[in-house]
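Here is the naming used below: chain letters follow the sequence lines, and residue numbers restart at 1 for every chain. What's counted below: heavy atoms across the whole structure, side chains too, no hydrogens, waters or symmetry copies.
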Protein chains: 2
Amino acid sequence: MARNSTATRALLLKAATDEFAQHGIAGARVDRIAAAAGYNKNMLYVHFGSKDALFDIVFEAAVAEIVDAVPFTADDLPGYAGRLFDFHFSHPQLMRLARWHSLERGVANADLAAIAKANSAKSKALAAAQAAGAVRAELPPGLLITLVVSMATAWSEGTPEPVTTAGRAAVTARRKAVVQAVEQLTTSRS
Amino acid sequence: MARNSTATRALLLKAATDEFAQHGIAGARVDRIAAAAGYNKNMLYVHFGSKDALFDIVFEAAVAEIVDAVPFTADDLPGYAGRLFDFHFSHPQLMRLARWHSLERGVANADLAAIAKANSAKSKALAAAQAAGAVRAELPPGLLITLVVSMATAWSEGTPEPVTTAGRAAVTARRKAVVQAVEQLTTSRS
DNA sequence: CTTCGCTGACTAACCGGTCAGCTACTACGC
DNA sequence: GCGTAGTAGCTGACCGGTTAGTCAGCGAAG
């Protein structure tokens with residue numbers, strides 16, 4: 001009953017994010033999204049055009065959220081890994097979204113350019129840090145970044161951990177292991 | 001026209017593996033599987049019962065193939081990582097299958113037991129290797145295994161790399177990076 | 001009274017699953 | 001060797017439920 005376009009759009013987007021994160025593109029149901037948001041299905045088409053277009057919008061918003069929530073620090077890779085770990089742990093949906101995207105959409109040419117650009121910026125910063133001696137230079141910067149990200153996200157399966165005491169302890173142990181491993185990859189041998 | 005049950009079953013299973021690897025459970029189409037195998041859709045139901053049951057069978061076969069194709073060697077983690085990398089590079093479907101499974105099926109209780117069992121066997125072997133001084137003991141064995149596997153599979157997105165000279169070079173560079181990284185995690189500091 | 005936000009009802013296509021029945025192969029009586 | 005009955009393998013046609021997407025129109029706000 002709000003009769004407010006921007007608020008409606010936000011509610012639909014939120015509901016769509018949940019639905020896509022849980023079921024993917026093929027498994028998502030437009031009716032379910034509309035119902036969860038408390039609107040009629042048609043509003044989705046008024047605002048976003050189609051199911052596929054909606055997924056694109058949802059996904060881009062998620063990526064933007066990740067990118068500016070955890071900034072890249074070339075001279076502190078362990079810290080970066082730790083923050084990435086934390087973010088994905090507290091936002092399991094976004095990780096699921098990314099995985100659905102890679103499976104159902106593949107890596108399109110348009111994405112490749114964006115990824116390459118973002119990656120080369122990070123690589124360049126990391127290469128500089130390596131040249132300055134702040135980071136061990138044994139691994140090529142581009143590959144090192146991928147390995148670090150991979151380890152930081154190794155445990156994010158989308159299903160949130162039970163919040164028991166034991167569960168929490170396991171999570172902090174994992175976080176510590178990730179940070180420690182990245183330290184071993186980036187610190188010069190004594 | 002073969003009129004041969006076992007051969008038919010194998011053909012259907014092959015087609016189903018391709019279809020599920022590419023589209024997941026929700027995105028897979030039974031008609032497409034049957035057509036790809038050169039049979040009528042009904043054969044799928046005669047042999048496998050339902051789409052979901054078919055996926056289970058496909059998935060279990062894939063897991064079995066991975067497990068006995070690349071054996072775990074606690075005292076040579078870099079080698080294990082390299083072999084895992086190679087296998088997933090040459091069998092991109094199986095990795096996709098595993099990812100579809102984790103997204104669409106989640107981690108069910110039945111799986112948890114099997115995973116825990118397989119993991120604890122590996123952990124135990126790795127802990128022994130660490131105690132013997134063959135592997136650096138800085139990281140807990142269970143966590144170390146996950147990190148290693150995660151790095152070894154960091155690049156398997158399911159889309160096979162173009163087989164250009166440049167593509168091949170990039171792949172070998174990645175493989176080298178993985179092995180090297182695992183070495184750094186497992187070799188004692190000099 | 002006009003416009004924006006919104007709804008309920010509808011549809012055409014799709015999709016998993018079923019069923020009656022056809023066809024080729026086998027076994028067996030002669 | 002030869003019909004013939006039985007059966008396993010297989011097919012095309014069908015069905016009911018579901019789903020993305022559409023459309024005409026209603027009601028509130030300015």
Side-chain angles (χ1 to χ4, degrees), chain A residues 1-61 96-97 100-101 103-106 108, chain B residues 1-61 96-97 100-101 103-106 108:
Chain A
M1 308 296 173
R3 304 236 159 227
N4 178 335
S5 188
T6 59
T8 301
R9 196 184 157 95
L11 280 173
L12 290 172
L13 222 47
K14 173 73 170 60
T17 303
D18 292 346
E19 177 75 10
F20 280 126
Q22 189 136 38
H23 300 104
I25 304 176
R29 297 290 166 247
V30 244
D31 299 272
R32 222 153 34 193
I33 296 174
Y39 288 99
N40 185 280
K41 178 171 47 160
N42 192 39
M43 295 311 291
L44 285 171
Y45 292 94
V46 168
H47 280 281
F48 307 107
S50 76
K51 187 188 183 186
D52 274 52
L54 175 57
F55 178 79
D56 286 340
I57 294 168
V58 162
F59 178 69
E60 260 176 62
R96 283 181 70 90
L97 229 37
W100 286 116
H101 178 88
L103 280 175
E104 302 196 86
R105 281 285 161 82
Chain B
M1 307 290 178
R3 303 237 161 227
N4 178 334
S5 188
T6 59
T8 301
R9 197 185 155 94
L11 281 173
L12 290 172
L13 221 47
K14 172 75 171 58
T17 303
D18 291 346
E19 177 75 9
F20 280 126
Q22 189 136 37
H23 299 104
I25 305 176
R29 298 291 165 247
V30 260
D31 298 271
R32 220 151 39 192
I33 296 174
Y39 288 97
N40 187 280
K41 179 171 48 161
N42 191 38
M43 295 312 291
L44 285 172
Y45 293 94
V46 169
H47 279 281
F48 306 107
S50 75
K51 188 189 182 184
D52 274 52
L54 175 56
F55 178 79
D56 286 339
I57 294 168
V58 163
F59 179 70
E60 260 177 62
R96 283 182 68 91
L97 230 37
W100 285 117
H101 178 88
L103 280 175
E104 301 196 87
R105 282 283 162 84

Inset, instruction - Check DNA chain D against residues 24-36 of chain A and give the residues with a non-hydrogen atom under 4.0 Å, in numerical order. - result: A:Ala28, A:Arg29, A:Val30, A:Asp31
Inset, instruction - For B:Phe55 and B:Phe48, run side chain to side chain contact (heavy atoms under 4.5 Å, CB included): C-alpha distance rounded to whole Å, both residues' side-chain angles, the deciding distance at 0.1 Å, then the answer. - result: CA-CA 9 Å; B:Phe55 178 79; B:Phe48 306 107; over 6 Å; no
Between the protein and nucleotides 12-17 of chain D, which nitrogen or oxygen pairs come in under 3.5 angstrom?
| residue | atom | partner | partner atom | Å |
| --- | --- | --- | --- | --- |
| D:dG12 | N7 | B:Asn40 | ND2 | 2.6 |

Inset, instruction - Measure the distance from CD on A:Glu19 to C1' on D:dA20 and round it to the nearest whole Å. - result: 13 Å
Legend entry - Closest contact, heavy atoms only, B:Asn40 versus B:Asn42: OD1-N, 2.8 Å
Legend entry - Option among B:Lys41, B:His23, B:Lys51 that satisfies the side chain to side chain contact (heavy atoms under 4.5 Å, CB included) test with B:Arg29: B:Lys51
Inset, instruction - Check the distance between C:dG5's P and A:Leu11's CG and give it to me in whole angstrom. - result: 14 Å
Inset, instruction - For residues A:Ile33 and A:Asp18, determine if any side-chain heavy atom of one lies less than 4.5 Å from a side-chain heavy atom of the other. - result: no
Inset, instruction - Search all heavy atoms of B:Arg96 against all heavy atoms of B:Gln22 and return the closest pair with its distance. - result: NH2-O, 3.1 Å
Inset, instruction - Would you mind reporting whether B:Leu97 and B:Phe20 have side-chain heavy atoms less than 4.5 Å apart? - result: yes
Legend entry - A:Trp100 to B:Glu104 - nearest heavy-atom pair and separation: CH2-CG, 3.4 Å
Inset, instruction - Considering only NZ, NE, NH1 and NH2 on the basic side and carboxylate oxygens on the acidic side, decide whether B:Asp52 and B:Arg105 come within less than 4.0 Å. - result: yes
Inset, instruction - Determine: side-chain N/O of A:Thr8 to OP1/OP2 of C:dC6, distance under 4.0 Å, yes or no. - result: yes
Inset, instruction - Send over the distance from B:Leu12 CG to D:dG9 P, rounded to a whole Å. - result: 13 Å
Inset, instruction - Could you identify which residues of residues 45-56 of chain A place a heavy atom less than 4.0 Å from some atom of DNA chain C, listed by residue number, or say none? - result: none
Inset, instruction - Check B:Val58 against B:Leu13 and note the closest heavy-atom contact, atom names and distance. - result: CG2-CD1, 4.1 Å
Legend entry - A:Leu11, A:Thr6, A:Leu12 screened by side chain to side chain contact (heavy atoms under 4.5 Å, CB included) with A:Thr8, the one that passes: A:Leu12
